[in-house]
Each structure stands twice: as structure tokens, then as C-alpha cells.
Amino acid sequence: MSSARPPAPSAPPAPSTAPVSAALTPSPSSASTAIAADLFCAVIDNFGDIGVCWRLARQLASEHGWQVRIFVDDLHAFQKLCPTLALDRSRQAVSGIVIEHWREPSRAGATLEVADVVIEAFGCELPHAYVAAMARREQKPVWLNLEYLSAEDWVADFHLRRSPHPRHALTKTFFFPGLGAGTGGVVKERHLDAARAAFEASPPMRDAWWRQATGASAPGADATVVSLFAYENPAVDSLLEQWRDAAAPVVLLVPEGRISGALARFFGLPSFGAGSHAERGNLRAHALAFTDQPGYDALLWASHVNFVRGEDSFVRAQWAARPFVWHIYPQADDAHLPKLDAALEHYGRHLPADARRALAGFWHAWNGAGQPDWADFQRHRKVLERRATDWAQELATLGDLAGNLADFAKSQLK
Ligand code: TRH
């Protein structure tokens with residue numbers, strides 16, 4: 001699959017690879033003050049683990065002036081989000097961040113200096129040699145376990161809880177992202193709202209995006225534009241039929257991925273890879289190339305309704321301030337369902353009862369319970385749009401995850 005970067009305005013500068021030595025050498029003014037952070041990320045599957053870590057790393061570097069290193073075990077997944085990454089280098093720098101290919105977990109860190117702040121993403125378990133080096137460090141590092149996002153109430157009780165190491169004189173602090181007060185919040189870059197506003201206010205920018213992403217011009221005002229990023233989903237066939245038979249045109253934008261096979265079957269095509277287009281009834285679909293992360297934001301802004309999944313795209317859809325549908329990451333024993341309802345509890349709050357029912361019904365259907373009802377969802381579009389805007393403002397009152405994490409770490413380093 002190829003990567004293309006649609007024009008996302010005021011996005012951070014395009015990543016550039018540079019010799020590691022340059023990235024590790026602090027500038028004279030920051031040399032004595034910059035906080036060094038090591039972030040460890042094991043990719044379980046898909047793109048969410050590295051997606052969250054890469055955003056956090058860039059934000060800690062660009063907005064807080066930290067010197068950041070990421071240890072990641074899967075450069076292929078990483079390269080999808082960061083096309084300039086070289087797959088064959090064990091150490092490189094991108095956008096001033098040092099990236100280490102974490103090949104042998106037990107040995108990583110043996111030759112490295114331990115940073116001031118160590119972030120263990122999603123319980124990935126740090127290399128023993130690195131933990132031992134942390135324990136030997138004169139000033140003990142601030143050790144944070146960054147957890148997965150959940151909107152459940154218990155998260156606020158566990159956020160910033162400490163856990164002493166059983167053998168070493170080290171303490172790990174659990175840092176929980178969340179959607180409610182008392183949690184670490186979610187990642188949001190300082191430039192994000194301005195970038196979205198610039199995209200929304202500029203017809204030439206939007207036209208350029210449409211041409212680059214789909215090869216076509218932007219659809220007319222009567223069309224509903226939907227982006228579709230999802231896992232394999234049995235409900236998609238019914239939804240495609242509803243869009244085909246809809247009263248007004250639906251333009252579907254589908255990043256190439258796990259749902260693409262269902263699109264191919266629906267349109268009777270051998271595949272639905274990037275660059276494909278197809279039409280049935282009132283439904284027109286474009287398959288898009290997987291982009292870097294700023295490019296994905298532009299896709300969300302170009303759409304009226306966004307289907308998102310996992311963790312990071314779920315968060316970006318909230319900042320895009322448009323109605324969205326969440327395909328939550330499925331877990332054993334349906335452990336994900338209470339998390340889905342907890343998110344609905346936050347997001348659906350303040351909606352009139354019938355709109356809340358339509359939203360919850362659609363989200364549940366998209367996650368395996370019942371059939372999605374597009375007409376019902378569309379009927380409440382206006383009120384869902386207002387709620388999406390209000391919710392983005394409400395969520396922003398929690399502060400952003402990188403800022404909250406940086407403040408906490410600094411308070412511990414004093
Ligand atoms: O890829 P995901 O399903 O990720 C995950 C992982 O499965 C992970 O193991 C699991 O724990 C977590 O979900 C909950 O969905 P997510 O989190 O939305 O990550 C996708 C990333 O890909 C996100 O950073 C947005 C980015 N992206 C692009 O950069 N360009 C694109 O074209 C698209 C479609 C996505």
C-alpha cells in the first residue's frame with residue numbers, strides 16, 4: 001500500500017530523517033534544561049499502540065522541548081504512519097525524535113543511559129537490563145505506565161496510583177487516559193483546532209484534498225460524506241445497501257485496510273485497494289491510500305460522519321467535532337462492551353432522548369448487536385453535530401494528555 005499525504009494545513013513540519021547524533025545533541029540553550037524521556041512501545045496489532053506513542057512523542061518534543069527516544073518492536077506498522085522511517089536501521093531520528101528498533105527486549109537499554117522520564121506504554125514490560133539501570137541511577141527516573149484509554153468511571157480512581165517495584169527501589173505510576181474529570185485526558189496538539197478551522201474555511205484547500213485523496217472533485221452539497229475506518233464488520237453489508245438505496249447521495253471514503261474486502265464483495269470487484277472507485281445506486285465509494293497521521297485528520301475534516309475504531313482514531317474523531325460511529329477493539333468475553341457504553345455515557349449526555357437512542361442503537365449495531373439504521377441516524381444529524389462540537393469543548397477542559405503527563409513528571413522531578 002502506498003502512502004500519500006493530503007494537504008493538512010498548519011500540520012507539524014513534514015518528518016525528516018536525520019543522523020541520530022544530531023538529534024541527541026541538545027541545542028546550547030536547552031542542553032541543561034531539556035527533560036529526556038524514553039518511551040517503550042510493543043505493537044500488539046494494527047496501528048493504535050504506535051499511533052498513540054508516536055503522537056505523544058512528537059508532542060512532548062515539539063511542545064514541551066523534551067528529548068525523546070522511542071523503542072518500538074515493529075517498524076513496519078510504524079512506517080505506515082511515518083512513511084520516512086527506514087526499515088533497515090536499528091537507530092534513526094525522525095522530526096528530532098530518536099527511534100530505536102527494539103529487537104531483543106531482554107537486551108534493549110543495556111548500552112543506553114536511562115532517561116529522566118520512562119514511559120512504558122500499555123504494560124509492554126521494560127527490558128530487565130533497563131530496569132536494573134534505572135535502579136542504579138542516582139536520581140531515580142519518573143516511571144510511568146501509560147494505560148489504554150477507557151471512559152469507565154473507575155479510571156479516575158486508578159489514575160496516578162503508584163506501585164512499588166518488588167525488588168528495586170523504584171516506583172511505577174499508572175497514567176490513565178480518559179474522557180472524564182480526574183483522568184489524564186487524551187492527546188491533543190496545540191495546533192489542532194487552528195488546523196481544522198483553516199481546512200474548513202478554505203475551499204481551495206478542501207478541493208486540493210479531494211483531488212489528491214480521491215482523484216475527484218468535492219461532491220455537491222446534497223451528498224453526505226462518510227469516512228469508514230473499521231475492522232471486519234458483519235453489519236457493513238446492510239449499511240452499504242442502505243447507502244445504495246438512500247434518498248440522497250452518499251460518498252464513502254475508505255482507507256485501504258481490514259474492511260476493504262467487504263467493499264470489494266459488495267461492488268463485485270476482485271479488490272478495493274487504494275485508487276479504486278465504485279458506484280451503486282446513490283452510493284459512490286473511493287478507496288484511499290493509508291496516510292500519515294496529519295493526513296488522517298484531514299480525512300476526518302473532509303467528512304460529515306466518521307466511522308472510527310480502536311483508540312487513536314476514536315480520539316481524533318472527537319477532536320474533528322463531527323458525528324462519529326465507534327468500532328471498539330473487540331476483547332475476550334465482551335470486555336469491550338462496558339467501555340463502549342461508558343463512552344456513550346459521556347458523549348451522549350445532554351442529547352435529547354430520541355437522538356441518544358439513535359446514536360446508542362447505531363453504535364451497538366456497529367459492534368454486533370442488531371442492524372444499523374442509517375435513516376434514523378441521519379434524522380438526528382443536526383443535533384448530533386451540535387453535540388459533537390459541544391463535546392469537543394467539554395473534553396478539552398481536561399487538558400491534553402501530553403501536557404498533563406509533562407506536568408506530573410515535572411512535579412516528580414523537582
Ligand atoms: O489500528 P487500530 O485498530 O489500533 C489499535 C490496536 O489494535 C491496538 O492493539 C489496540 O489496543 C487499540 O487499537 C485499542 O486503531 P487506532 O487506535 O485508531 O489506530 C489507528 C492509527 O492509524 C491512528 O493513529 C490513526 C492512524 N491512521 C493514519 O495515520 N492514516 C490512515 O490513513 C488511517 C486510516 C489511520
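If you read the sequence from its start, that first residue is 1, and numbering goes on from there. All ligand and atom numbering here is 1-based and tracks the order in the structure.
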* Asked: Can Q331 and K339 be said to form a side-chain hydrogen bond (donor to acceptor under 3.5 Å, both in side chains), step by step?
  -> CA-CA 11 Å; Q331 288 179 281; K339 296 181 185 166; 2.9 Å; yes
* Who's the nearest protein heavy-atom neighbour of atom 4 (O) of ligand 1, and how far? -> G48 N, 2.8 Å
* Closest protein heavy atom (residue, atom, distance) for atom 30 (N) of ligand 1 -> T291 O, 2.8 Å
* Cut-off 3.5 Å, side chains only: do H364 and D341 have a donor facing an acceptor? -> yes
* Asked: Counting only N and O atoms by type, is there a donor-acceptor contact under 3.5 Å from the side chain of R211 to the main-chain atoms of A218?
  -> no
* What is the closest protein heavy atom to atom 13 (O) of ligand 1, and at what distance does it sit? -> G310 CA, 3.5 Å
* To do: Number the atoms of ligand 1 from 1 as they appear, then name those within less than 4.0 Å of a heavy atom of D49, with their elements.
  => 8 (C), 9 (O), 11 (O)
* Is there a donor in the side chain of W301 and an acceptor in the side chain of E200, or the other way round, less than 3.5 Å apart? -> no
* Using a strict cut-off of 4.0 Å, indicate which atoms of ligand 1 neighbour a heavy atom of D292. => 29 (O), 30 (N)
* Structure fact -> atom 9 (O) of ligand 1 has as its nearest protein heavy atom D45 OD1, 2.7 Å
* **Contact partition for Y296 relative to ligand 1, non-hydrogen atoms under 4.0 Å** => side chain
* Using distance alone, determine whether D312 and ligand 1 share an N or O pair under 3.5 Å. => yes
* **A289-ligand 1 polar pair, N/O distance under 3.5 Å** => no
* Indicate yes or no: does an N/O atom of P255 lie under 3.5 Å from an N/O atom of ligand 1? => no
* Go through ligand 1 atom by atom and flag the ones less than 4.0 Å from a non-hydrogen atom of G51. => 24 (O)
* Spacing of Y231 atom OH and W366 atom CH2 [to the nearest 0.5 Å] -> 12.5 Å
* To do: Nearest heavy atom to atom 2 (P) of ligand 1 wins, so pick from R309, K80, Q331, Q293.
  => R309
* Check whether the side chains of N306 and R316 place a donor and an acceptor atom closer than 3.5 Å, and report yes or no. => no
* Side-chain donor-acceptor pair present, D400, Q59, cut-off under 3.5 Å -> yes
* Looking at CH2 of W209 and CZ of F199, how far apart are the two atoms once the value is rounded to the nearest 0.5 Å? -> 6.5 Å
* **Proximity to ligand 1 by part of F290, non-hydrogen separation under 4.0 Å** => both
* Asked: Who's the nearest protein heavy-atom neighbour of atom 18 (O) of ligand 1, and how far?
  -> S313 OG, 2.6 Å
* Could you tell me if any non-hydrogen atom of Y231 lies under 4.0 Å from any atom of ligand 1? => yes
* **For E311, the ligand 1 atoms whose distance to one of its heavy atoms is below 4.0 Å** => 13 (O), 14 (C), 16 (P), 17 (O), 18 (O)
* With no hydrogens and no angle check, do the side chains of S238 and Q242 hold a donor and an acceptor under 3.5 Å apart? -> yes
* Asked: In the protein, what heavy atom is nearest to atom 11 (O) of ligand 1, and what distance, to one decimal place, separates them?
  -> Y148 CE2, 3.1 Å
* Please state which part of L81 comes within less than 4.0 Å of ligand 1, counting heavy atoms only: side chain, backbone, both or neither. => side chain
* Any chance the side chains of N46 and Y329 put a donor and an acceptor closer than 3.5 Å? -> no
* To do: Flag the pair D74 / I50 as yes when at least one side-chain heavy-atom distance between them is below 4.5 Å, and no otherwise.
  => no
* Does a side chain donor of either S90 or E100 reach within less than 3.5 Å of an acceptor in the other side chain? -> no
* Asked: Nearest protein heavy atom to atom 21 (C) of ligand 1, by residue and atom, and its distance?
  -> F47 CB, 3.7 Å
